[in-house]
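Below is one structure, written out as structure tokens, with a few remarks after it.
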Amino acid sequence: MAHFEKANSVGEWLDQRLAVNTLKRVLAFEYWIPKNINFLWAMGMVLAATFGLLLISGIFLLMYYQPNVETAFDSVNYTIMTEVGYGWLWRHIHGVGASVVFLIIYIHMFTGIYYGSYKRGRELIWLSGMGLFVAFSAEAFSGYMLPWGQMSYWAGMVITNLFSGGSLEAYGLVEWIRGDYVPGQAFLTRFFMLHVLLLPLVIIGLIVLHFGTLRIPHVNNQDGEDFDFEEAARLYKEGNIKESKVIPFQPVFLAKDIFVMGVYFILFFYLVFYHFEFAMDPVNFDPADGLKTPAHIYPEWYFLWSYEILRPFSKDLGLIAFAIAQVIFFALPFLDKSENVAPASRRGLFKFWFWAMLIDVLILTFMGKLPPQGIWNVIGLIAALAFFALWIALPIITKKEKKL
Amino acid sequence: MSNRRDFMGIALGGFTALVGGIPALYAMKRTWDPLPSVKAAGFTNVDVSGAVENQLVVEKWRGKPIFVLKKSKDMKADDRDVVVGSDRFHVSIGLCTHLGCIPAYVSDEHKFKCACHGGEFDASGHETFGPPPSPLEVPPFKVDGTTIVLGEEGAEFKKMKEAGLTV
């Protein structure tokens, strides 16, 4: 048994029993971050903070929400919005947060792609991050079911129908997922469980893993420079702060992060208070009706690019294309055959690949929102084909890339 | 020693997984199955004696919309028509066979048009344009006088099914 001496302070008492000082040192004061970074490196903590806001607002919504097909719609639109004190605030934070979190996820992802932060030991950072993207997508979808409005119901219908596998006609599987022939009570309650328990648990677990995967390969920097972190840390601790290439996570990196977060939260709460309607589809303010399809069924903006990949093809081909699009980003570290870890601007053809991919995903997003007719169909089809062409081109152009 | 221990560990672990894990997975699977009450609520009677030609009636059966369209004389007869007395009806599950939206009936054009992905069907439910891979499905039905009973497989429905005209 360990030997305990009388502690002289609460801190010491805790340190004896929990090694708090070691934890603080390892996790914060001597967790080293490169100096050569920019504001895009703050997106990770911005995401963590947004997730925190979603969790807190979600807890308050959970106290009045009723997962019942008869009462769900009113519990949100009547009880929470008009009766509960500040209920509107939680709902608008939750709705705006769910939308904005994807904007930041996409920025975070494309930052990683631009700077090559997914290879040379950083593969697991990318994979766990993609795992988080999928988990957040499932969380967003299951949450969208809960107000039980027209868009909830019909999005639920269309998305669960995807599991019939086209010509496989696996309607048994679809009915199993729904627990009914159409989305009904069983469907609502199981998506409620997924949204408030299972998926948040998975997300929290993946966030811990994501942080863990960062420790050994360390955070990347603006030049992809591979330097000796221990040497840099020694310099910093000796007081040669200027010569050292690193800063400690706490307090130096966090101080900069919190500045970026401050700017971000001004924008965030501006949206919450003055422009929440962008995250509140008017169609979803009609209660679910299984006998009336809304004129246009479209997902929230963050799913539009992959929805547009589904749309222009025939049913089976569309499903296959959609399934590939959902997982292809996982393969990025293995399809990029170049060893260079550097910003895309210095990587020859990859520079064009990066911008082409970004623009293509933006075009797919816009086309996904427009009705499926005329010229929009053609542009959508070309953009969808370009998406796959780019992924096929990636290993070829990166293999030919000159070593920096 | 250690080999024997490993063996015991693997044997016990494997046994536990077999008798505990697999039944537990089965129980979880069964828990997500549609409830008997959901499955049982299954029959809808549609009286078509007052139906008007070229005017779509939408009924609800197992939570799904059912199209009942009395065909006018100028509409082509089809093998999947439901014949009641001297009238022909198009009866189908009103969900687009692409991804399950409800197509709208445009009576001037004698067409069903789906707003989601632009699919179109003619007045007999056959796909004529866009992504739908197959015709609108015919629900199990039985003709009883001037009533169509949905959910019960009558002789006409069985014939259609055998001919592969619906699933």
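The chains referred to below are lettered A, B, ... by the order of the sequence lines, with proteins before strands, and numbering in each begins at 1.
From B:Arg30, atom CZ reaches atom CH2 of A:Trp176 across 12.0 Å, with rounding to the nearest 0.5 Å. Separating the OH atom in A:Tyr181 from the CH2 atom in B:Trp61 is a distance of 7.5 Å, to the nearest 0.5 Å.
Contact check for A:Asp180 versus B:Pro34: no side-chain heavy atoms found under the 4.5 Å cut-off. A heavy-atom distance below 4.5 Å is found between the side chains of A:Val158 and B:Cys101.
Only the side chain of A:Tyr153 has a heavy atom closer than 4.5 Å to any heavy atom of chain B. With a threshold of 4.5 angstrom between heavy atoms, A:Leu310 approaches chain B through side-chain atoms but not through N, CA, C or O. With a threshold of 4.5 angstrom between heavy atoms, A:Trp154 approaches chain B through side-chain atoms but not through N, CA, C or O.
Within a 6.0 Å sphere centred on CH2 of A:Trp391, heavy atoms belonging to other residues, nucleotides or ligands number more than 12. In this structure, B:Phe129 places its CZ atom where only 12 or fewer heavy-atom neighbours from other residues, nucleotides or ligands lie under 6.0 Å away. The environment of B:Met28 atom CE is sparse: at most 12 non-hydrogen atoms of other residues, nucleotides or ligands sit within 6.0 angstrom. The environment of CZ in A:Phe285 is crowded: more than 12 heavy-atom neighbours from other residues, nucleotides or ligands sit within 6.0 Å. Within a 6.0 Å sphere centred on CZ of A:Phe163, heavy atoms belonging to other residues, nucleotides or ligands number 12 at most. No more than 12 heavy-atom neighbours from other residues, nucleotides or ligands sit within 6.0 angstrom of CZ on A:Phe366. For A:Glu277, the CD atom is densely surrounded, since the number of other residues' heavy atoms within 6.0 Å is greater than 12.
Top candidate by heavy-atom pairs under 4.5 Å with chain A, chosen from B:Pro131, B:Gly100, B:Pro103, is B:Gly100. Of the listed residues (B:Leu95, B:Thr31, B:Ile66, B:Ile102), the greatest number of heavy-atom pairs within a distance under 4.5 Å of chain A belongs to B:Ile102. Heavy-atom pairs under 4.5 Å with chain B peak, among A:Arg311, A:Arg190, A:Glu175, at A:Arg190.
Minimum heavy-atom separation, B:Lys64 to A:Leu291: C-CD2, 4.1 Å. When all heavy atoms of A:Gly290 and B:Pro65 are compared, the pair lying nearest together is O-CD, 3.8 Å. Here the closest heavy-atom approach between residue B:Trp32 and residue A:Leu194 is recorded as CH2-CD1, 4.5 Å.
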